[in-house]
Amino acid sequence: MRKLKKYTPTRFMAETSHYDRSSADFAVAFIQSLCHTKGTWAGKPFELIDWQEQIIRDLFGIVKENGYRQFNTAYVEIPKKMGKSELAAAIALLLTCGDGEERAEVYGCAADRQQASIVFEVAADMVRMCPALNKRVKILSATKRIIYIPTNSFYQVLSAEAYSKHGFNIHGVVFDELHTQPNRKLFDVMTKGSGDARMQPLYFLITTAGNDTKSICYETHQKAKDILEGRKTDPTFYPVIYGADDNDDWTDPKVWKKANPSLGITVGIDKVKAACESAKQNPGEENSFRQLRLNQWVKQAVRWMPMDRWDKCKTDIDATELEGRVCYGGLDLSSTTDITAFVLVFPPQDENDRYIVLPYFWIPEEQLDLRVRRDRVPYDIWERQGFLHTTEGNVIHYGYIEKFIERLGERYNIREIAFDRWGAVQMVQNLEGMGFTVVPFGQGFKDMSPPTKELMNLVLSERIAHSGHPVLRWMMDNIYIRTDPAGNIKADKEKSTEKIDGAVATIMALDRAIRCGDRNEESVYDSRGILFL
C-alpha cells in the first residue's frame, strides 16, 4: 500500500483524541482495493492522491478516548474534475461494507435523485470491479440500493421528497454537490438527530462552491471558514476548502494549482487554460470559471456588470461643486425592514462632461446588527464610515428620508424623482407636497431595458462618474439580468442573490437624466433610438 509522503494529523485533532494508525491504514487499504470506473482511469486501482489520503486518514484514523471517531461531519469544498464522485462513492462503500457496523444505513443525497445516482453508479461499478465485494454485495439498480450481505447494511439513494420522511437510523450520509440543495429541509432531516442511535455516524458533505449566499451550503461553508481561520471551534466538524482567495489573480496558473490539488492528475492544465482563455474573451463566463475551476463563491451564475470597468469610472466628486445643478432622482423603497436607496444622477453639461452619480442609503437602526450577522454584509462598517444611514426604530422611518430628500432639494435642482410604484403611495404624496415632481417608473422590460442598456454603455465608455461608494459598488456587483425573447433586459431582484436597490434607483434616475437632460434638450433615445448591446 502506498503511503502518504508525510502524514501529519490535522491541527483540529482534540487534545483528548489520538491517531489510530491501524484504523487509518485499513480505511486507506479498503479504498485502494477499489478501481476507478471512468475514462482513461477505468479499471485502474484507486490510488489516493495525497489530499484525498489526508482526508481519509484524518476522518477514519483520529479517534476519541473511547475509540470512536472524533469527526462526525466532513465538509469538503473543491473545484470540479478533482475526483469528487469517486472519493464520495469510495467513502459510501467503506461506511457500508468496511466499517464493522451491523445493519448500517448509509444514504446518498443530492439536489435530486438523478444527481444522487451519479455517486451510486460509480459505487456500483466499483463493486462489480472488486471480486471480494462483488460476491458479498447485492446491487438493486432499480431502487438504487447496494446491500452488504454479511452485516445486512445498505447504501441507498434518497428521492427528493426524503425530507418529509423520518425514522432514519443513519450511520453515514454522502451529500454530493451540497450547493445545489434548493433549501435546507433534506439536510436538516438527514443530519439533525438521525444518527443519534449510532456511535460514530459520518456526514460527508462534498461540493463545489455555489452562488447562493443564503443557502445551507453557504452556511456550512462559512462555518468551515470560521473553523479554518480560528474564529470558531467544533471538534466534531472537519473542514477542507481548496480554492482561490478573493484577491487572487484568476488568470494566474499558480492560482489554478493552489485551487486544484489534482491538477495534472485528474484534469490537465491545458483544459483549465482553455477555459480561462474563453472566460477572458467572454466576460459572461468569468463567474463560471471562478466558481467551477477556482472554487470561488460568486454573486450569481453570470456576472453582468464588469466590475473592473465600473471601478475605472471612479473619480473624486466634490458634492459642493454640484450645488444648484440640475439632477434627477431614483427612489427604491423596498420593504420597511430593508434598505431604502435614493440616487441622484446629474446629466452632463457639455459633450466632455459625464453623468455623475450620488447615492444615499438607509436601514432601520435596530435591524443593523441582525443584518450584519444574518447577511454577513458589513453594514455596521459602512454606517460608521458614513456610507449608510440609519433611521430610528426597527422599520424604515420614511418621514426621516423625506426630510433628507427635502434638504437635498435645497442644495440641488432636482427636476424629477422616479419611483417604483410598489408601496410608495404615501411617501410620493408627501414629496409632491414638498414641491417635487414625482414620476412613476415601471419595473418591467419596457421601462427598465433602455436605461439598463445605457448604464452598461456609459460604464464601458467611461462616461459615467461615481465616487466608488462601497454600498453602490456592492449592489452593482450583485446584479442578475433577466432577458426576454425580444432581447430586452432588466435587473432581477429575485435572482440577484444580494441587494440591488441602489442599482435599480440608479437606472431609474439615469433614465430621467437621459430623457430630460441638463435643460429641455432632446432625448438621446429620440435622436438615435434604443441602444442594443
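As a basis for the values below, the full set of heavy atoms in this structure was taken, side chains included, without hydrogen atoms, waters or symmetry mates. What you see is a predicted model; the values in this text were computed from it and never measured.
- Note that the CG atom of D332 and the CD1 atom of I339 stand 10.0 Å from one another [nearest 0.5 Å].
- Residues V504 and A491 share a closest heavy-atom pair of CG2-CB, 4.5 Å.
- Residues passing the salt bridge (charged side-chain N to carboxylate O under 4.0 Å, His left out) test with E365, sequence neighbours excluded: none.
- The aromatic rings of W362 and F404 sit perpendicular to each other, their planes meeting at more than 60°, with 30° as the lower class boundary.
- For E219, the salt bridge (charged side-chain N to carboxylate O under 4.0 Å, His left out) criterion is met by R184, not counting sequence neighbours.
- In this structure, the side chains of L460 and P306 come closer than 4.5 Å at one or more pairs of heavy atoms.
- In this structure, E410 does not pair ionically with R407, as no charged nitrogen and carboxylate oxygen lie closer than 4.0 Å.
- Side-chain contact between V377 and V372: absent, with no pair of heavy atoms (C-beta onward) separated by less than 4.5 Å.
- Side-chain atoms of S461 come within 3.5 Å of backbone atoms of N457 as a donor-acceptor pair (strictly under, hydrogens ignored).
- Remark: the backbone N or O of F120 is not paired with any side-chain donor or acceptor of S117 at under 3.5 angstrom.
- Across F204, F187, Y203, a single residue satisfies ring pair (Phe, Tyr, Trp, His ring centres under 6.0 Å) together with F175, and that is F187.
- To the nearest 0.5 Å, atom CD of residue E454 and atom CD1 of residue I514 are 4.5 Å apart.
- The pair D511-R515 meets the salt-bridge criterion, with a side-chain N (NZ, NE, NH1 or NH2) lying under 4.0 Å from an Asp/Glu carboxylate O.
- A donor and an acceptor atom, one from each side chain of Q426 and N430, are located under 3.5 Å apart.
- Remark: D492 CG to I481 CD1 distance equals 8.5 Å, nearest 0.5 Å.
- With hydrogens and angles disregarded, a donor-acceptor distance shorter than 3.5 Å links the side chain of D249 to the backbone of T251.
- The closest donor-acceptor contact from the side chain of T437 to the backbone of E416 lies at 3.5 Å or more, if one exists at all.
- For the side chain to side chain donor-acceptor pair (under 3.5 Å) condition, the pairs that include at least one residue of residues 77-87, sequence neighbours left out, are Y75-E77, E77-H221, E77-N295, E77-W297, K84-T208.
- For E229, the CD atom counts as densely surrounded, since its 6.0 Å shell holds more than 12 non-hydrogen atoms of other residues, nucleotides or ligands.
- Under the 3.5 Å distance criterion, the side-chain polar atoms of Y328 are matched with a main-chain donor or acceptor of G517.
- A search for salt bridge (charged side-chain N to carboxylate O under 4.0 Å, His left out) contacts involving D234 returns K223, not counting sequence neighbours.
- When the shell of 6.0 Å around CG of D316 is examined, it contains 12 or fewer heavy atoms from other residues, nucleotides or ligands.
- Checked against the 6.0 Å centroid criterion, the rings of F361 and H389 do not qualify as a close aromatic pair.
- Contact annotation: the side chain of I55 approaches that of Y238 to within less than 4.5 Å [non-hydrogen atoms, C-beta and beyond].
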Got a list of side-chain donor-acceptor pairs under 3.5 Å for residues 252-259, not counting sequence neighbours?
{"residue": "D252", "atom": "OD1", "partner": "K254", "partner atom": "N", "Å": "3.0"}
{"residue": "W256", "atom": "NE1", "partner": "W250", "partner atom": "O", "Å": "2.9"}
{"residue": "K257", "atom": "NZ", "partner": "L263", "partner atom": "O", "Å": "3.4"}
{"residue": "K258", "atom": "NZ", "partner": "D245", "partner atom": "OD2", "Å": "2.9"}
{"residue": "K258", "atom": "NZ", "partner": "D248", "partner atom": "OD2", "Å": "2.7"}

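- At a threshold of 4.5 Å between non-hydrogen side-chain atoms, the residues L333 and D420 do not count as touching.
- In terms of modelled atom types and a separation under 3.5 Å, the side chain of S449 and the main chain of K446 share no donor-acceptor contact.
- At a threshold of 4.0 Å, the pair E286-R290 counts as salt-bridged, since one of the basic side-chain nitrogens sits closer than that to a carboxylate oxygen.
- Every pair passing ring-ring contact (aromatic ring centres under 6.0 Å, His included) that includes a residue from residues 447-468 is listed here, sequence neighbours excluded: W310-H466.
- With salt bridges taken as basic N to acidic carboxylate O contacts below 4.0 Å, one links R473 and D311.
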**Message:** Applying side-chain hydrogen bond (donor to acceptor under 3.5 Å, both in side chains) to Y398 and E402, what does each step give before you reach the verdict?
**Reply:** CA-CA 6 Å; Y398 289 144; E402 292 163 7; over 6 Å; no

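- Taking 4.5 Å as the limit, every side-chain heavy atom of R293 sits out of range of all side-chain heavy atoms of C276.
- Residues M190 and C109 meet the side-chain proximity criterion, which asks for heavy atoms closer than 4.5 Å.
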